[in-house]
Amino acid sequence: MKNIPNIKVSDDELKLLTTKRVYSSGGEAYICLSPDKKTLYKIFRKGAKVVPMKENKQKKIMRLHDISLEHTVQILSTISYDGELIGYETSYDEEDRRFYPPLFSRSQLIEKLKDAQSILEYLNSQDITYGDVNFRNILYNRRTGKLKFCDLDNMRVGEYPIDLFILPLKNYKDMRGIDDSTDAYMHSLLTLQAFDLPLFFSRPEEFNKEFEPFAVE
């Protein structure tokens with residue numbers, strides 16, 4: 001097993017990261033630009049308070065650092081504050097943008113969705129279920145035209161399970177459990193969403209609401 005580097009942050013550094021350097025934020029973490037603006041820090045929070053990273057996530061981050069996945073952001077180091085791990089550092093490319101379907105023609109969108117499917121199949125070959133297959137978790141590089149996945153700590157990695165479930169994924173888990181078809185199912189829903197073709201709901205806004213950044217433990 002490789003030794004994963006660790007970055008220790010002080011009170012002042014943590015305050016600066018979570019106020020002045022927030023790149024984006026979700027329900028469970030701040031995504032912050034590192035001091036040199038060449039990498040990103042994911043720092044876990046509950047409300048506005050920074051909290052320790054859960055043990056399950058710690059183990060996954062260390063495993064992912066060891067295997068260096070393709071087609072994803074890279075895990076570079078852990079981040080600690082006051083003796084506790086509070087997050088991790090990932091690679092960052094300023095040409096990466098969230099994958100936004102309206103920016104592509106129909107034929108381009110079909111090709112990108114096929115690319116996303118291939119990445120999910122690759123992850124499956126590494127004993128990984130991505131789970132939260134969602135446009136907010138897929139990055140499109142404007143320079144290379146390639147896709148990569150982010151938000152790696154929530155995946156199933158070997159024996160370490162998914163931590164949080166958006167509603168469609170929770171419904172699937174309740175019916176079938178997390179199995180070899182989980183990501184295929186989620187990718188199918190993503191494809192329907194990309195072309196505004198809701199399968200289960202009479203109005204598109206009802207379908208899209210299922211994919212809001214809301215999670216159920």
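Note that the structure is predicted; figures quoted are calculated from it, not measured.
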Checklist line | Heavy-atom check, side chain of S77 versus side chain of H65, under 4.5 Å | finding: no
Notebook entry, point to check: What heavy-atom pair brings I178 and L169 nearest, and what distance separates the two atoms?
Noted result: CD1-CD1, 4.1 Å
Check: In terms of hydrophobic clusters joined by side-chain contacts under 4.5 Å, are M53 and I162 together?
Finding: yes
Notebook entry, point to check: Within 45° of the axis and under 6.0 Å from the centre of the six-membered ring of Y140, does NZ or CZ of R97 qualify?
Noted result: no
Check: Is any side-chain N of the basic residue among R63 and D66 closer than 4.0 Å to the acidic one's carboxylate O?
Finding: no
Note to self: What I want to check is whether the side chains of D132 and N154 have a donor and an acceptor closer together than 3.5 Å.
What the structure shows: no
Notebook entry, point to check: Mind checking whether F44 and L33 sit in one hydrophobic cluster, side chains of I, L, V, M, F, W, Y counted as touching below 4.5 Å?
Noted result: no
Check: CG of L17 to CD1 of I86: how many Å apart, nearest 0.5 Å?
Finding: 8.0 Å
Notebook entry, point to check: Below 4.0 angstrom, N of the basic side chain to O of the carboxylate: do K54 and D163 qualify?
Noted result: no
Note to self: Treating H71 as the side-chain partner and L123 as the backbone partner, does any N or O pair qualify as donor plus acceptor under 3.5 Å?
What the structure shows: no
Item checked: Atom pair CZ (R136) and OG (S24), whose distance is rounded to the nearest 0.5 Å -> 11.0 Å
Check: Does the side chain of L14 come within less than 4.5 Å of V50's, by heavy atoms?
Finding: yes
Margin query: Let me confirm one number: the CG-NZ distance from N137 to K148, rounded to the nearest 0.5 Å.
Written below: 14.0 Å
Margin query: Are Y92 and L147 connected into the same hydrophobic cluster when the rule is that any two of I, L, V, M, F, W, Y join if their side-chain heavy atoms are below 4.5 Å apart?
Written below: no
Checklist line | Residue pair V9 / E13: nearest heavy atoms and the distance that separates them | finding: CA-OE1, 3.2 Å
Notebook entry, point to check: Does atom CG of D174 have more than 12 heavy-atom neighbours from other groups under 6.0 Å away?
Noted result: yes
Check: Can S10 and D12 be counted as having a side-chain donor-acceptor contact under 3.5 angstrom?
Finding: no
Item checked: Approximate separation, where rounding is to 0.5 Å, of N141 CG and D96 CG -> 4.5 Å
Note to self: With clusters defined by side-chain heavy atoms of hydrophobic residues (ILVMFWY) lying less than 4.5 Å apart, directly or transitively, does Y100 cluster with L189?
What the structure shows: yes
Notebook entry, point to check: Does E94 pair with R143 as a salt bridge, N-O distance under 4.0 Å?
Noted result: no
Check: Counting N and O atoms only, with roles assigned by atom type, does the side chain of T144 sit under 3.5 Å from a partner on the main chain of K146, one being a donor and the other an acceptor?
Finding: yes
Note to self: Can you see whether Y41 has R21 sitting over its ring - NZ or CZ less than 6.0 Å from the centre and within 45° of the normal?
What the structure shows: no
Next item on the list: Ignoring hydrogens and angles, tell me if any N or O in the side chain of S68 forms a donor-acceptor pair with the backbone of L64 under 3.5 Å.
Entry: no
Notebook entry, point to check: Is the charged tip of K8 near the ring of Y81: under 6.0 Å from the six-membered ring centre and within 45° of its axis?
Noted result: no
Next item on the list: Could you tell me whether Y122 atom OH has more than 12 heavy atoms of other residues or ligands within 6.0 Å of it?
Entry: yes
Notebook entry, point to check: So, N6 and S80: side-chain donor and acceptor under 3.5 Å apart, yes or no?
Noted result: yes
Notebook entry, point to check: Do H187 and T191 have side chains that get closer than 4.5 Å, going by heavy atoms?
Noted result: yes
Notebook entry, point to check: Just how far is it from atom CG of L190 to atom CZ of F195, taken to the nearest 0.5 Å?
Noted result: 10.0 Å
Next item on the list: Using only heavy-atom distances, determine whether the side chains of D151 and Y130 contain a donor-acceptor pair under 3.5 Å.
Entry: no
Check: For D183 and N124, does a side-chain donor sit closer than 3.5 Å to a side-chain acceptor?
Finding: no
Notebook entry, point to check: Distance-only, no hydrogens or angles: does the E111 side chain make a donor-acceptor pair with backbone N or O of Q108 under 3.5 Å?
Noted result: no
Next item on the list: Quick one: pull up CG in D93 and CG in L139 and give me the separation to the nearest 0.5 Å.
Entry: 9.5 Å
Check: Under the 3.5 angstrom rule, does the side chain of Q74 hit a backbone N or O of L69 as a donor-acceptor pair?
Finding: yes
Note to self: Check this for me: E55, atom CD, are more than 12 non-hydrogen atoms of other residues, nucleotides or ligands nearer than 6.0 Å?
What the structure shows: no
Note to self: Assigning hydrophobic clusters by single linkage (Ile, Leu, Val, Met, Phe, Trp, Tyr; side-chain heavy-atom cutoff under 4.5 Å), is L76 placed with I4?
What the structure shows: no
Check: Below 6.0 angstrom between ring centroids: does that apply to F99 and F104?
Finding: yes
Notebook entry, point to check: Is S91 close to T39 at the side-chain level, that is, under 4.5 Å between some pair of heavy atoms?
Noted result: no
Notebook entry, point to check: So, Y88 and D153: side-chain donor and acceptor under 3.5 Å apart, yes or no?
Noted result: yes
